[in-house]
Amino acid sequence: MENLGIVIGLVHIAAAIALLNGVFTTFGQARVASQAIESMARQPEAADSIRSAMFIGLAFAETSGIYGLLIAIIMLFANPLVNTLINLIS
Amino acid sequence: MLNVDNIWVVYVAGVEIWITETILNTWIIMLFLIGLAVIARIKFKSFQEIPRGFQNAIEVVVEIFDNFAVSTIGPTLSYLAPWFFAVFALILFSALSSIFGLRAPTADWATTFALALATFGLMVAMGLKYRRGAYLKTYIDPHWIFFPMNLIGELAKPVALSFRLYGNMLSGTIILTLYYALTPRFVQIGIPAFLHAFFDVLFGALQTYIFVIISLMFIRLAADDNW
């Protein structure tokens with residue numbers, strides 16, 4: 001039972017660490033958005049194409065953040081190690 | 001709502017087939033979309049030169065999507081636009097379906113990976129059709145030593161594409177489930193509407209747009225020589 005508690009506690013810490021990459025993702029996305037707004041202000045007639053390029057860039061920058069989120073979700077809700085431990089104990 | 005529930009099990013020739021919540025919700029959305037398409041087809045006979053009412057709405061939707069798709073994918077591949085219109089409608093309506101209490105089918109990796117796999121198949125097929133040897137040469141681009149890296153990069157495309165949509169839809173589903181489970185009953189009236197508007201309508205529409213435009217870009221990247 002103690003082992004299970006340690007594993008679950010470590011899993012939660014690991015999920016939090018996996019979500020930390022959101023910091024860098026956010027900085028990258030903020031940079032994309034700020035550059036896009038800057039170029040939109042400089043060239044308002046090109047705003048439409050800049051906006052679509054900005055959304056694509058945001059989506060690509062978001063990928064690593066989504067990976068971190070999915071890893072955290074898998075560790076919290078579908079962790080194979082926890083099930084193995086529960087089977088071992090019972 | 002966190003995990004996908006299994007509703008009933010069908011036995012076909014001794015093989016278990018699980019009909020999950022995702023499949024059922026996809027059927028409901030398909031029924032709605034097919035009904036819409038059939039109505040549009042029936043009304044199509046009475047379409048006039050100058051559009052009015054229902055015809056106007058349909059023409060606007062189709063024309064906007066057609067312009068968007070053709071400007072992204074180029075005129076030579078414009079015959080792929082109807083397929084991506086179907087994908088667009090399916091993803092958008094499955095995101096909107098979670099407003100009505102259904103679990104969004106795109107919050108299941110199976111759905112999004114199937115759609116991304118279709119994009120991957122189209123990408124390879126169009127690359128082989130339009131560029132033949134030149135497309136295969138992109139796999140060994142600077143030198144044949146780089147083949148494994150190029151292969152991994154190519155195979156990562158459908159995985160990243162499906163994970164992006166799945167992660168966004170699943171995060172919305174999880175946050176709304178937690179909200180409904182953890183709050184007292186009197187704050188569950190009115191306030192979730194804003195959460196639904198943000199996670200389902202805004203994120204759903206944005207991710208649908210991104211999924212379709214990135215799919216179109218991948219296909220054009222594979223099929224177009226000078227792009």
Side-chain angles (χ1 to χ4, degrees), chain A residues 8 11-12 14-26 28-37 40 43 45-84 86-87, chain B residues 1-5 64-65 67-73 91 106-110 112-113 116 119 153 156-175 177-178 181 199 202-221 227:
Chain A
I8 289 175
V11 156
H12 281 76
I17 292 171
L19 280 176
L20 271 185
N21 75 358
V23 174
F24 302 105
T25 309
T26 312
Q29 286 192 319
R31 194 167 159 72
V32 169
S34 78
Q35 290 283 332
I37 291 166
M40 266 186 223
Q43 251 184 320
E45 64 272 14
D48 280 334
S49 58
I50 291 169
R51 193 176 299 119
S52 64
M54 181 187 80
F55 279 125
I56 296 166
L58 285 178
F60 276 117
E62 204 179 18
T63 309
S64 74
I66 293 291
Y67 284 165
L69 173 74
L70 285 174
I71 288 168
I73 287 169
I74 288 168
M75 278 198 287
L76 287 179
F77 298 117
N79 198 330
L81 195 59
V82 174
N83 289 337
T84 317
I86 289 172
N87 286 339
Chain B
M1 272 204 0
L2 287 181
N3 44 353
V4 185
D5 294 332
I64 287 175
F65 188 83
N67 286 337
F68 154 71
V70 171
S71 71
T72 313
I73 205 172
I91 299 174
T106 40
D108 186 347
W109 191 47
T112 58
F113 190 65
T119 296
K157 277 177 180 177
V159 175
L161 194 62
S162 58
F163 270 161
R164 193 175 295 125
L165 182 60
Y166 167 62
N168 274 289
M169 291 297 117
L170 186 70
S171 62
T173 308
I174 286 176
I175 289 171
T177 311
L178 288 180
F199 286 111
L202 180 68
F203 274 26
L206 202 61
Q207 292 305 320
T208 311
Y209 171 72
I210 284 168
F211 185 93
V212 170
I213 201 169
I214 289 177
S215 300
L216 292 170
M217 272 175 53
F218 281 162
I219 289 171
R220 189 169 189 182
L221 212 61
W227 206 61

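Hydrogens, waters and symmetry mates play no part in the numbers below; they use all other heavy atoms, side chains included. The sequence lines fix the lettering, A, B, ..., with proteins before strands; numbering per chain opens at 1.
With a threshold of 4.5 angstrom between heavy atoms, B/Phe211 does not approach chain A through any atom at all. Contact annotation for A/Leu58: neither backbone nor side-chain heavy atoms come within less than 4.5 Å of a heavy atom of chain B. Using a 4.5 Å cut-off between heavy atoms, B/Leu161 makes no contact with chain A at all.
For A/Arg31, the salt bridge (Lys or Arg N to Asp or Glu O under 4.0 Å) test picks out no residue, with sequence neighbours left out.
Among A/Ile66, A/Leu69, A/Ile73, the one residue that satisfies the side chain to side chain contact (heavy atoms under 4.5 Å, CB included) test with B/Leu170 is A/Ile73.
Chain A forms more heavy-atom pairs under 4.5 Å with one residue of B/Ile210, B/Leu206, B/Asn168 than with any other, namely B/Asn168.
Between B/Phe113 and B/Tyr166, the gap from one ring centroid to the other reaches at least 6.0 Å.
Counting only residues at least two apart or in different chains, side chain to side chain donor-acceptor pair (under 3.5 Å) contacts with residues 64-79 of chain A comprise A/Thr25-A/Ser64.
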